[in-house]
There are 2 protein chains.
Amino acid sequence: MSSMDKNISPAVIKRLPRYYRYLGALKAKNITRISSKELSERMKVTASQIRQDLNNFGGFGQQGYGYNVENLYVEIGKILGLDKSNQMIIVGAGNLGQALANYQDFNNNSIGFQVIALFDVNPKLIGITVHGVEVHDIDDMEEFIKNHEIKIAALTLPQDQAPKIAKELASWGIKGFWNFAPVDLTLPDSVTVENVHLAESLMTLTYNIHSREDNEDTGE
Amino acid sequence: MSSMDKNISPAVIKRLPRYYRYLGALKAKNITRISSKELSERMKVTASQIRQDLNNFGGFGQQGYGYNVENLYVEIGKILGLDKSNQMIIVGAGNLGQALANYQDFNNNSIGFQVIALFDVNPKLIGITVHGVEVHDIDDMEEFIKNHEIKIAALTLPQDQAPKIAKELASWGIKGFWNFAPVDLTLPDSVTVENVHLAESLMTLTYNIHSREDNEDTGE
DNA sequence: TAGATTGTTAATCGATTAACAATC
DNA sequence: TAGATTGTTAATCGATTAACAATC
């Protein structure tokens, strides 16, 4: 990683967290080494792809041996930026925002993400505490972001408010948006957006269900 | 749609819901026709890609005119299976499951998805109502699925329980899983899984944030 | 009709897989 | 050492973009 990681394809980046998850599971089973071949069988990808992917970032393996699980786990964590402090805020303290604040899969020390505040306009929500995290008035957001040097914001607010608020957040220093609003955000190039478009993912599911049904009908 | 849609690439399928969203927005603005060129500018993709994608499913356009917005919206809806009844259950009535039950983006009549039951093992949750939907005992799930002919299940339960329960659900007739558990499900080919791996999507976000920082440091 | 824009074929680009020499 | 497995180059495959004849 560091300053020379150029032109890594998005396809590779998207696979890294999955490698990280499998390596974490191997580690938990006290498995200390693994070859690309064995990992490929567990993950149902080609060994070639694993080696190609990893070699974008460095030679983590050893000929005749394979990869050291613990080492590779740590290295991929570093590549993903999980060794850095990743404090985040959640903008929109409705059901989804609150669910994310409670979500244990990432909101724990082991992978370094920490939700430190929720924000909302609704006076009924302001002041309540969700999983030990307070809901603040959205008007206090600028000061909070600047004081705490927050770089990551989850957007769990209505579609019509998201673009305007995202623009403000970017101007206050937010560098990465985890966007749950069903809208495409247009922001400066220095800012990253990761979309989680739930309705859209559900639609691809129904497509697949129905197209499979049709294929079965025709005996394919 | 229909039985002859063969070998459509997943890349194309993933783009369909986004077309659908843009067409819905155009419709709401009372725009009745659009060319692939104009749509491409709005969506920031190439016009060529739009035409290629749509022509996998049929010639919806007209030379010299473009596409009729309303018609194309309806057709893509059909392709995605949104014209069919899409009743679903949510397995796991924790924070995330409850948030999904409340989620208005898809859980409304306009796109045909309907959450009709939540299930959980926790006696404290069983019997409560979330957004008008009751939390049932997970032991009643088999009967419920069979009686209501449910085809879609959202899995919002702990990682260690997901694979076993998914297998049971598949044996009871579930054809599509919307999987929020951070684990890969191994299921028969007749079953579709759409993964929403939140922790993993957050990791790709941090990768992008940090790699962009690095590039700025070196003035690239 | 003339102009616009599609549907579709061909060219390019990028990503995946295969192969194998290097080497632990 | 001999066997195993990587790192990396070359071959293949698939997806995207460009071009243009067809046609509304």
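Chain letters run A, B, ... following the sequence lines, proteins first, then strands; residues in each count from 1.
Here D/dT16 presents its P atom at 12 Å from CD1 of B/I13, a figure rounded to the nearest Å. Rounded to whole Å, atom P of C/dT6 lies 14 Å from atom CZ of B/F60. Rounded to an integer number of Å, the gap from CZ of A/F57 to C1' of D/dT8 is 16 Å. The interatomic distance linking A/L54 (CG) with D/dT5 (P) rounds to 16 Å, in whole Å. The distance between atom CD1 of B/I8 and atom C1' of D/dG14, rounded to the nearest whole Å, is 14 Å. In this structure, CG of B/N55 is placed 15 Å from C1' of D/dT16, rounded to the nearest angstrom. Taking atom CG of B/L16 as the reference point, atom P of D/dA15 lies 14 Å away to the nearest angstrom. With rounding to whole Å, B/N7 atom CG is found 14 Å from D/dC13 atom C1'.
Residue A/S36 has no polar side-chain atom (N or O) positioned under 4.0 Å from OP1 or OP2 of D/dT5.
The aromatic rings of A/F57 and B/Y207 stand perpendicular to each other, their planes meeting at an angle above 60°, with 30° marking the opposite boundary.
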Measure all distances between protein nitrogen or oxygen atoms and nitrogen or oxygen atoms of nucleotides 22-24 of chain D, and list the pairs falling under 3.5 Å.
{"unit_1": "D/dC24", "atom_1": "O3'", "unit_2": "B/Q62", "atom_2": "NE2", "d": "2.8"}
{"unit_1": "D/dC24", "atom_1": "O2", "unit_2": "B/Q63", "atom_2": "O", "d": "3.3"}

Per-nucleotide pairing state of DNA chain C [Watson-Crick or G-U, under 3.5 Å; [ ] pseudoknot-crossing; | other strand]: ..||||||||||||||||||||||
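Of the candidates C/dT5, D/dA15, C/dA15, the closest approach to any side-chain atom of B/S35 belongs to C/dT5.
In this view, A/E41 and A/K37 satisfy the side chain to side chain donor-acceptor pair (under 3.5 Å) rule, not counting sequence neighbours. Residues passing the salt bridge (charged side-chain N to carboxylate O under 4.0 Å, His left out) test with A/R21 are B/D184, B/E200, sequence neighbours excluded. Legend: residues meeting side chain to side chain donor-acceptor pair (under 3.5 Å) with B/E38, ordered by chain and number and at least two apart, are B/R42. In this structure B/S35 satisfies the side chain to side chain donor-acceptor pair (under 3.5 Å) test with no other residue, sequence neighbours excluded. Scanning for side chain to side chain donor-acceptor pair (under 3.5 Å) contacts around A/E194 gives B/T204, with sequence neighbours left out. Residues passing the ring-ring contact (aromatic ring centres under 6.0 Å, His included) test with B/F119, sequence neighbours excluded: B/H136, B/F144. By the salt bridge (charged side-chain N to carboxylate O under 4.0 Å, His left out) test, B/K167 is found to be paired with no residue, residues two or more places apart in sequence or in another chain being considered. The salt bridge (charged side-chain N to carboxylate O under 4.0 Å, His left out) check on A/K146 picks up A/E142, with sequence neighbours excluded.
Each of A/R15 and B/Y67 lies near DNA chain C, and the nucleotide nearest B/Y67 is the one positioned closer to the 5' end.
Listed by first and then second residue, the salt bridge (charged side-chain N to carboxylate O under 4.0 Å, His left out) pairs involving residues 148-164 of chain B amount to none (not counting sequence neighbours).
Remark: A/T46, A/S48, A/Q49, A/R51, A/Q52 in residues 43-52 of chain A come within less than 4.0 Å of DNA chain C through at least one heavy atom.
The closest side-chain heavy-atom distance from B/H148 to B/I89 is not below 4.5 Å.
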